[in-house]
Amino acid sequence: WDEPIVFELTTPGERGVLVTPVESRVLGAVGDVVAALPEHLRRATPPALPEMGQMRVLKHYLRLSQENLGADLNVDIGQGTCTMKYAPKVNERLVNTPTLTALHPLQDPADVQGVLEIVWRTERMLAEISGMDEVSLHTQGGSAAIWSNIAMIRAYHEANGEAEQRREVITTIFSHPSNAAAAKAAGYDVVTLYPDADGYPDLDALKAALSPRTAAIMVTNPEDTGIYNPAIREWVDAAHAVGALASYDQANANGILGITRARDAGFDVCHFNLHKTFGTPHGCGGPGAGANAVSSALAPFLPGPRVMRDGERFTVEQAGSRSIGSVAPFFGVVPNIVRAYAWMMALGAEGLRAVAETAVLNNNYLMKRILEIPGASAPYAVGRRRIEQVRYSWQDLFEETGISSEEIGVRAADFGMHYWTSHHPYIVPQPFTLEPTESYSMAELDEYAAVLAEIAREAREEPEVVRTAPHRQTVHHTHHDDLDDPERWAITWRAYRRKYFAGRPAGAPAAADTAEAAA
Amino acid sequence: WDEPIVFELTTPGERGVLVTPVESRVLGAVGDVVAALPEHLRRATPPALPEMGQMRVLKHYLRLSQENLGADLNVDIGQGTCTMKYAPKVNERLVNTPTLTALHPLQDPADVQGVLEIVWRTERMLAEISGMDEVSLHTQGGSAAIWSNIAMIRAYHEANGEAEQRREVITTIFSHPSNAAAAKAAGYDVVTLYPDADGYPDLDALKAALSPRTAAIMVTNPEDTGIYNPAIREWVDAAHAVGALASYDQANANGILGITRARDAGFDVCHFNLHKTFGTPHGCGGPGAGANAVSSALAPFLPGPRVMRDGERFTVEQAGSRSIGSVAPFFGVVPNIVRAYAWMMALGAEGLRAVAETAVLNNNYLMKRILEIPGASAPYAVGRRRIEQVRYSWQDLFEETGISSEEIGVRAADFGMHYWTSHHPYIVPQPFTLEPTESYSMAELDEYAAVLAEIAREAREEPEVVRTAPHRQTVHHTHHDDLDDPERWAITWRAYRRKYFAGRPAGAPAAADTAEAAA
Amino acid sequence: MTRPFVHPYIPNTAPESRAAMLAAVGATSVDEFYVDVPADLRLDRPLDLPEPLTAELDLERHVGGLLSRNVSTRTRLSFLGAGTYHHHVPAVVDEIINRSEFLTAYAGEPYEDHGRFQALFEYQSLMAELLAMDVVNVPTYDGYQATATGLAMAGRMTGRRRVLVASDVLPAKASKVHDFVRGHLDLEIVPTIGGTADAAAVASLLADDVAAVWVETPSATGAVEARLRELADAAHAVGAVLVVGTDPIGYGVLVPPAEHGADIVCGDIQSLGLHQWFGGAHGGFIAVHDDPRFIMEMPSRLFGLATTDVPGEYGFGDVAYDRTSFAHREEGKEWVGTAAALWGIAAGVYLTLMGPEGMRELGEVLLARTEYARRALAAIPGVELGDDALHLREFTVDLGGTGRTAGDVVRDLRLVGIEPGVPLDERTLLVCVTEMTSQRDIDRLAESLAAAVGASPAASDLAGADVPAASDPAPTLEEQSA
Amino acid sequence: MTRPFVHPYIPNTAPESRAAMLAAVGATSVDEFYVDVPADLRLDRPLDLPEPLTAELDLERHVGGLLSRNVSTRTRLSFLGAGTYHHHVPAVVDEIINRSEFLTAYAGEPYEDHGRFQALFEYQSLMAELLAMDVVNVPTYDGYQATATGLAMAGRMTGRRRVLVASDVLPAKASKVHDFVRGHLDLEIVPTIGGTADAAAVASLLADDVAAVWVETPSATGAVEARLRELADAAHAVGAVLVVGTDPIGYGVLVPPAEHGADIVCGDIQSLGLHQWFGGAHGGFIAVHDDPRFIMEMPSRLFGLATTDVPGEYGFGDVAYDRTSFAHREEGKEWVGTAAALWGIAAGVYLTLMGPEGMRELGEVLLARTEYARRALAAIPGVELGDDALHLREFTVDLGGTGRTAGDVVRDLRLVGIEPGVPLDERTLLVCVTEMTSQRDIDRLAESLAAAVGASPAASDLAGADVPAASDPAPTLEEQSA
């Protein structure tokens with residue numbers, strides 16, 4: 001499809017949906033309320049939204065959807081760290097029921113026992129999975145959960161009178177950047193540690209960094225390299241030794257479910273991403289959902305309101321005085337909580353362990369296939385296994401051909417595959433990160449590896465094909481330098497029209513849409 | 001996508017969905033029921049269905065769906081006679097509720113009052129739209145409704161003792177072929193009339209064909225040419241004059257809703273296609289739904305069971321002794337009945353008339369655009385308006401370029417457009433039939449006309465481009481001669497494997513699916 | 001209101017567009033387009049229809065409100081079958097058939113509708129594996145039509161009129177088949193014995209004027225025909241065709257009719273991934289061997305695999321299109337029209353998800369629960385089984401010994417939220433169990449039925465266990481609908 | 001059971017595949033992959049979780065059964081708002097966001113995810129028209145976060161700590177904002193007068209240490225701020241930023257804050273096409289002018305239009321990616337992570353469907369029904385309006401004169417199936433009306449409330465009509481849920 005921007009599809013007078021009319025009795029009682037508005041409050045010019053019939057609106061967005069590559073459609077193992085797993089369709093059927101969609105959070109608790117029970121049960125299951133005592137499901141995503149981690153840590157130290165003293169948070173470079181960013185947003189100074197020569201987190205570096213000024217360590221494990229820190233308990237103990245708390249970013253928990261637990265390593269607080277590990281769909285980038293699990297010492301600081309069980313009934317309790325309060329409206333991202341509950345109930349203990357083991361098996365199998373490709377490598381811990389993902393490098397290929405990892409990614413899209421390099425900074429040169437999860441069959445892993453092998457071959461034999469990609473995408477090579485220049489960037493259609501067309505209204509509806517058919 | 005046949009995706013041991021286990025108490029009570037089967041009843045070799053994980057099944061069919069061009073995605077005006085209109089999404093939401101999907105037709109009538117009321121109300125609305133007295137919604141499609149028309153006519157003549165005498169059914173060549181076919185299936189001889197020189201149904205020919213042997217006339221009006229028979233009442237009167245009944249195929253009713261009614265022209269029986277005129281989706285070719293409307297004289301012959309109103313309650317009455325009996329399970333295609341009800345309720349009398357008027361306006365507007373294309377013509381009734389569709393001809397273009405209408409159709413698909421020639425036989429040479437309905441905007445009609453104009457230009461200037469189409473489809477030129485040779489046709493995968501591979505099992509799972517991304 | 005009527009479903013009700021288009025075609029009003037409709041046929045008033053609900057929220061409230069008056073089998077514990085069955089529909093099935101691309105497509109060509117052709121070819125192929133036959137049609141309307149057409153094919157092939165009906169047939173199905181074929185065929189009922197065919201009686205009636213022997217398995221009472229091979233051989237001996245009506249749900253564990261000699265196998269696919277829909281979601285299949293004599297009599301479309309200009313690529317198209325009424329009007333075979341393609345795609349997705357193991361497990365659950373239910377109900381004093389044939393999913397009980405009629409029992413059990421089955425006559429109740437009716441559900445039926453007929457519950461004796469509560473984790477229907 | 005654990009969600013639990021893969025990597029068991037996990041950290045027992053329901057039908061019955069215990073606002077007549085609103089969600093919105101292509105996508109690049117980039121760019125652009133501002137972010141979590149971030153931006157830009165809170169704020173929102181910004185900002189509450197800002201008091205507190213004035217309109221009580229321009233001018237005079245928290249639902253008829261001088265406008269998009277979801281479907285927007293000083297402080301992703309190698313073709317990408325924590329970890333602005341993109345697409349589809357006329361009509365319905373409800377409730381003896389500001393959708397009533405508490409009234413009305421609103425304190429009830437609460441629904445509330453406080457119904461006087469039954473075609477909630 002060559003689908004225009006929606007504003008170009010406007011036709012004066014068309015309607016997409018009609019609004020229920022103001023009843024005659026209401027009109028009789030209150031008159032013309034719009035005309036009665038004070039003039040300075042009454043909008044003079046209607047917002048310049050498009051005017052379109054309903055079918056054309058539908059068609060527009062359906063076509064855009066076909067120009068998008070959802071996890072359901074491809075072998076989505078190239079978005080490393082993202083844990084792109086199967087989001088079961090039965091869960092979509094379950095959550096899209098009026099007894100969930102049409103619930104208001106302030107209804108009589110007697111009318112919402114079902115959803116309260118699901119929240120409560122989900123918390124208890126996550127407590128078991130993490131080994132922690134209490135769980136909150138309020139946060140709306142992984143980074144938001146990291147924020148809640150640090151917010152609770154801050155409140156804890158304040159409650160202990162150490163707020164002024166403890167101004168530093170320590171993290172590692174292969175932990176998710178939001179740990180650093182959230183700590184900073186909470187007012188902390190951030191110390192970032194680099195790994196040792198083998199790519200393992202450096203315990204000595206930690207010990208050197210720890211001090212009475214340390215509020216917490218905030219680490220991911222396994223890190224985004226797929227390497228598990230074997231000294232993790234020593235890390236936690238070292239933090240505790242200086243009075244700091246230990247916060248565990250469990251975004252990468254998919255390979256260790258039922259294998260090892262946060263509390264067993266001594267952590268005080270951890271979080272999970274329900275949209276990664278627990279099978280809720282990623283929604284183009286949210287809504288996700290986070291779960292914060294804490295030891296009993298930190299439980300008073302959890303966000304509120306909490307769902308409590310009282311015999312057979314479930315009740316809602318407002319946040320207590322030491323709670324960090326509300327972190328999101330009401331109870332968090334409820335549809336994802338229900339999905340995660342259904343996902344866990346479909347699997348059980350044996351199933352969760354099979355998830356972890358299969359994710360790890362898939363990853364190590366894929367690693368073998370990738371490392372067979374000339375020019376690909378997996379820096380650090382050479383020859384050792386990884387947990388659930390691997391940060392690879394094309395450095396050798398780059399040195400041979402000049403083709404960068406980004407260029408390979410653009411070319412991979414021509415084969416219907418996602419591909420991601422890594423978070424910044426690129427500690428691993430020419431990085432790429434693959435996380436196969438448990439959701440893909442051996443044949444699909446082979447297929448993905450074959451695509452990368454083919455692109456590596458192209459890079460050596462016909463590098464122009466790679467360099468000039470994309471060749472088979474909806475759009476062609478895009479000039480991203482437009483986007484960093486305040487004079488040229490266009491974040492909305494109105495800004496675009498203003499900057500490029502001096503605000504003149506767009507002309508006639510877009511020209512004939514003689515696009516190729518959906519491939 | 002280059003998606004394999006589903007059997008090629010099998011991996012031994014994978015499961016798509018699990019079945020609830022036999023409970024231990026049941027097992028204890030009845031033992032191993034499969035082992036206990038008599039050996040000649042117990043299947044020795046499991047059916048060779050594919051073994052696939054759930055996500056891969058989903059992916060397979062999602063990819064196939066993206067290789068299909070639904071009405072929601074394109075400007076679907078090229079499937080003339082099909083009345084491809086907008087099937088509102090709100091109706092999908094309405095019908096996909098457990099209070100409809102999970103109803104059994106033999107439940108206590110007290111538990112199904114809502115659906116019975118909808119059936120009853122829909123019947124009453126269609127009675128008003130047709131002017132008829134009674135309506136049945138049992139039939140599962142337009143041709144099935146045509147069958148019910150002739151079955152009732154047959155029963156009527158039998159009840160009057162004229163079954164032996166009346167052996168002929170008269171139809172016209174521009175009526176849907178199912179009228180002829182269903183009459184034949186009911187045991188009648190079929191007489192087909194051709195139009196007069198202007199393309200109008202020929203009243204004199206009818207009068208010549210009518211006789212005491214005539215059981216019925218079965219005609220469409222407007223015919224598939226979009227031409228309305230101005231002498232329709234005279235046709236009906238002439239049929240009645242010889243004791244025949246008049247049956248009206250209202251598949252083409254979209255342009256005359258609220259304008260003129262079947263009963264007002266004297267018809268005894270008519271049918272509508274709910275999946276054409278009343279906005280239910282076409283489902284790749286069904287389920288559709290038919291409505292049979294009859295005069296009171298024919299009402300006793302309607303299929304059963306009937307839904308009756310008894311004060312505030314709705315009851316189910318079994319078919320009476322003169323009824324043609326059951327024509328389908330229970331009450332017909334219930335989801336489509338509910339959709340049609342919702343569609344009519346969204347529009348009302350004013351809306352239905354707007355449907356008709358706009359469908360006709362769109363058609364005449366499109367005709368103007370098409371006739372501006374050199375090489376296109378609209379045979380018959382030259383210079384006159386059409387109702388809701390037009391049967392056009394590329395005969396001039398064909399004579400000039402040798403490009404046939406079929407070839408143009410294949411090329412149109414390259415532009416993301418459906419295109420249909422006409423039913424057989426091709427009375428109109430090099431035919432194509434466009435029916436824009438009310439669902440498309442002026443811009444979309446222009447877009448479609450522009451595509452045909454472009455292909456006509458190609459036919460003249462670069463005919464090879466047209467002749468060698470498709471160029472931008474999922475598949476390439478297909479060898480349809482395979483399909484008419486019993487030695488080579490392959491109607492199932494097992495037959496294909498047997499004929500082409502001597503029954504050897506397919507090899508490994510399909511090779512790497514390095515397809516291009518969805519366009 | 002003086003505001004123009006503009007509707008979201010009709011873009012060109014926008015006044016500017018309407019005016020522009022009228023101007024473009026040189027018309028002053030739409031009336032000009034209707035010049036061929038005589039004035040005396042023009043309706044001179046608005047249609048007398050209810051006030052519309054043009055705002056979507058008002059429409060939803062109205063239609064949703066009507067539907068919410070229904071009480072579904074999620075709330076009622078249902079043992080109803082008789083042609084429409086309560087099987088589980090995997091969520092992926094609904095996901096696929098509700099895709100706009102499939103839901104709203106129609107009759108495109110193999111190029112732009114490649115996906116539809118492939119999906120329906122795959123449906124044909126998956127059914128073919130289940131049935132062990134090489135040819136399956138794109139679905140026709142329903143099992144009634146499929147069977148009627150199957151018999152009509154036999155009539156056309158043999159040029160004979162007699163059809164021996166060897167099994168118990170659902171009355172509505174018999175009605176449909178009769179009215180459909182009576183122009184060409186005469187049906188002769190051969191009474192069954194013990195629920196299945198009286199093979200000897202059939203044999204004695206066979207002659208060279210018989211077009212077909214028609215067997216239903218499972219029959220209208222759920223009985224599985226055990227002597228199919230015998231019937232096939234007898235029919236074939238006189239040149240008659242064996243037409244078997246069936247439900248494919250059991251062929252993960254049961255031998256399919258083709259392997260007993262059936263020539264035409266037909267039936268309904270509602271069990272394979274379609275909701276009950278108040279009886280409104282049926283599709284018919286007709287399966288034959290790869291024999292042109294049979295194939296050329298099939299009226300439905302048949303999608304076939306073909307080669308393309310690209311080696312190894314699969315293309316699709318219509319096999320032997322020249323059979324059809326689209327090609328030859330009344331000279332075609334019966335007719336072809338919009339039937340039930342989407343339901344075929346649903347059944348294909350269903351069979352793909354289930355796979356061989358799923359169909360085996362399902363067959364086992366159905367057989368086991370059917371047998372369990374038979375024993376549970378027969379254990380109630382006064383309740384007898386209708387016969388002792390092998391049953392799949394459905395069976396009858398004779399309530400004659402209880403002093404209460406089937407209608408009484410239905411009435412009583414409805415009061416406690418149970419639909420116990422379909423009364424076939426005063427004393428006979430047709431009971432259906434599926435994978436959706438758990439052991440606890442069946443126990444509840446048995447207990448309630450025992451109470452209704454005044455007997456003491458005996459069901460808990462069944463498993464030889466003392467404890468009536470089961471340990472299986474699935475919730476009861478009461479829990480579900482509480 | 002000794003059968004291997006094979007699960008539909010995990011293809012490589014198939015024993016043959018698992019064995020083949022282990023062999024390929026030269027491992028004898030998966031334990032080898034966990035060598036880095038110390039033995040004393042390994043869990044030596046299965047997790048203690050409930051028995052799984054691996055069969056989809058059992059899972060559906062269990063989870064569906066739990067959810068069916070809820071009684072929704074389709075059945076209860078709800079006047080609840082306070083941050084989550086009951087608006088109509090057009091079916092097309094749900095259709096689009098439930099498409100696998102959008103629902104399951106994540107963080108692809110502009111090439112293969114062109115559709116996502118375009119849909120979110122369009123969302124930004126549609127919101128921008130409604131708000132009359134040039135820059136809108138890809139949604140953050142919710143309106144709480146958006147406002148917290150908006151204030152934090154003001155703090156970073158000005159280097160100041162004081163924030164004047166000029167409006168009544170929802171307590172939960174205030175809690176979130178406070179905890180989020182307290183490392184950098186100090187909030188000072190300026191009590192409102194008659195429901196809206198005390199502009200004079202705000203002016204008197206303004207000084208060159210004030211980072212921002214924070215206004216909410218509609219406020220926590222639904223009051224529309226009438227003196228925004230005055231507040232903006234005063235703030236700007238001391239170099240402070242005017243941050244306006246709002247709900248965009250009214251801007252089809254109301255002047256958007258930017259046109260009164262707001263610098264940062266933020267809030268929630270739940271009203272624009274999202275279901276209530278038990279409060280679990282929120283998304284936050286932050287809008288600013290096209291000024292790099294503001295834009296570079298935004299932490300969210302911003303999708304922008306760019307040219308491509310093909311003239312006239314639109315490409316997309318991230319604007320000023322270097323702002324973000326993805327690019328610079330703690331040196332970025334706050335952080336960016338998985339937030340609420342899908343809800344942004346929903347809001348975009350919603351605004352496209354509604355168009356200018358739809359948003360105008362909706363604004364009118366909301367204003368009219370709010371006013372109608374205010375009059376209907378105020379007509380009950382003892383019930384007083386909380387203030388006489390202009391209200392959109394929400395307002396408070398003071399029950400002090402009735403002798404009954406807000407809690408009493410809620411309890412009583414729940415007995416007749418009505419959620420009358422949210423008690424803010426002993427005497428104050430926050431009532432919300434939307435296009436989903438019809439005139440008849442409001443009349444029913446008024447009658448029931450009158451009964452609960454022991455007053456005679458007075459609502460029917462309102463329209464000067466004698467007949468209490470209305471003629472509008474929409475069914476009442478009772479009809480709907482009967």
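Quick note on labels: first sequence line is chain A, next is B, and so on, each numbered from 1. This structure is a prediction, so every number in the text was calculated from the model and none was measured. The analysis underlying the following values was restricted to heavy atoms, covering all of them including side chains, and did not include hydrogens, waters or symmetry mates.
- Remark: the backbone N or O of F102(C) is not paired with any side-chain donor or acceptor of N68(B) at under 3.5 angstrom.
- Residue L347(B) touches chain C through both its backbone and its side chain, counting heavy-atom pairs closer than 4.5 Å.
- With contacts defined as side-chain heavy-atom distances shorter than 4.5 Å, the pair W343(C)/P287(B) qualifies.
- Residue I129(B) touches chain C through both its backbone and its side chain, counting heavy-atom pairs closer than 4.5 Å.
- With respect to chain B, the highest number of heavy-atom pairs below 4.5 Å among V35(C), T13(C), V224(C), V92(C) belongs to V92(C).
- Contact of the E313(C) side chain with the T478(B) side chain is not registered, since no non-hydrogen atoms from C-beta on lie closer than 4.5 Å.
- Heavy-atom minimum distance, D264(B) versus L41(C): O-CD2, 3.5 Å.
- With a threshold of 4.5 angstrom between heavy atoms, L22(C) approaches chain B through its backbone and through its side chain.
- Taking the centre of each ring, Y341(B) and H62(C) come in below the 6.0 Å mark.
- Q79(B) and G108(C) get closest at one heavy-atom pair: OE1-N, 3.7 Å.
- D142(C) and Q140(B) share a donor-acceptor pair across their side chains, judged by distance under 3.5 Å alone.
- Heavy atoms closer than 4.5 Å to chain C are found in both the backbone and the side chain of P98(B).
- When each of A320(C), G315(C), G337(C) is checked for heavy-atom pairs under 4.5 Å with chain B, A320(C) comes out on top.
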Exercise for review: Would you please test E357(B) and R18(C) for salt bridge (charged side-chain N to carboxylate O under 4.0 Å, His left out) and show each step?
Suggested key: CA-CA 10 Å; E357(B) 292 184 353; R18(C) 188 177 162 101; 3.2 Å; yes
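- Put simply, the side chain of H104(B) does not reach to within 4.5 Å of the side chain of H86(C), judged on heavy atoms.
- Counting only N and O atoms by type, the side chains of N273(B) and T338(C) include no donor and acceptor under 3.5 Å apart.
- The closest side-chain heavy-atom distance from L49(C) to L352(B) is below 4.5 Å.
- The closest side-chain donor-acceptor pair between H479(B) and D309(C) falls under 3.5 angstrom.
- Looking at R93(B), the atoms closer than 4.5 Å to chain C (heavy atoms on both sides) all sit in the side chain, from C-beta outward.
- Using a 4.0 Å cut-off between charged nitrogen and carboxylate oxygen, R69(C) and E117(B) count as a salt-bridge pair.
- For L361(B), the parts sitting under 4.5 Å from any heavy atom of chain C are the backbone and the side chain alike.
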**Study point:** Criterion side chain to side chain contact (heavy atoms under 4.5 Å, CB included) on L103(B) and Q276(C), from CA distance to verdict
**Key:** CA-CA 6 Å; L103(B) 280 194; Q276(C) 296 171 91; 5.9 Å; no
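- Between H7(C) and E350(B), the side chains place no donor N or O within less than 3.5 Å of an acceptor N or O (distance only, hydrogens not considered).
- Note on ring orientation: taking the six-membered ring where Trp is involved, the planes of H275(B) and Y106(C) are perpendicular (angle over 60°, cut-offs 30° and 60°).
- Looking at R116(C), the atoms closer than 4.5 Å to chain B (heavy atoms on both sides) sit in the backbone and in the side chain alike.
- The shortest distance between side-chain heavy atoms of Y144(C) and V327(B) does not fall below 4.5 Å.
- With a 4.5 Å cut-off on side-chain heavy atoms, T73(C) and Q107(B) count as touching.
- Side chains of H418(B) and E112(C): a donor-acceptor N/O pair is present below 3.5 angstrom, by distance only.
- A side-chain donor-acceptor contact under 3.5 Å links D482(B) to the backbone of T307(C).
- In this structure, the ring of F330(B) has its center no less than 6.0 angstrom from the ring center of F278(C).
- When heavy atoms are compared at a cutoff of 4.5 Å, E128(B) approaches chain C by way of both its backbone and its side chain.
- Using a 30° and 60° split on the angle between ring planes, Y496(B) and Y314(C) fall in the perpendicular class, above 60°.
- Ion pairing between a basic and an acidic side chain is recognised when a charged N comes within 4.0 Å of a carboxylate O; R369(C) and E23(B) show such pairing.
- Using a 4.5 Å cut-off on side-chain heavy atoms (C-beta onward), R42(B) and L254(C) make no contact.
- A donor-acceptor pair shorter than 3.5 Å cannot be found between the side chains of N70(C) and D111(B).
- In this structure, the portions of E435(C) lying under 4.5 Å from any heavy atom of chain B include both its backbone and its side chain.
- The part of H60(B) that comes within reach of chain C is its side chain, from C-beta onward, which places non-hydrogen atoms under 4.5 angstrom from that chain.
- Looking at E32(C) and R384(B), no side-chain N of the basic residue comes within less than 4.0 Å of a carboxylate O on the acidic one, giving no salt bridge.
- When heavy atoms are compared at a cutoff of 4.5 Å, I232(B) approaches chain C solely by way of its side chain, counted from C-beta outward.
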**Study point:** Audit row: W493(B), Q124(C), side chain to side chain contact (heavy atoms under 4.5 Å, CB included) steps and yes/no
**Key:** CA-CA 8 Å; W493(B) 182 250; Q124(C) 295 170 184; over 6 Å; no
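- Both the backbone and the side chain of D72(B) have a heavy atom closer than 4.5 Å to some heavy atom of chain C.
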**Study point:** Candidate pair L49(B) and T352(C), rule side chain to side chain contact (heavy atoms under 4.5 Å, CB included), full reasoning
**Key:** CA-CA 7 Å; L49(B) 302 172; T352(C) 308; over 6 Å; no
Practice item. Please step through ring-ring contact (aromatic ring centres under 6.0 Å, His included) for the pair H423(B) and F326(C), ending with a clear verdict. Key: CA-CA 6 Å; H423(B) 288 299; F326(C) 279 162; 5.6 Å; yes
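- Between Y86(B) and Y9(C), the ring planes lie perpendicular to each other; the angle is over 60°, past the 30° to 60° tilted range.
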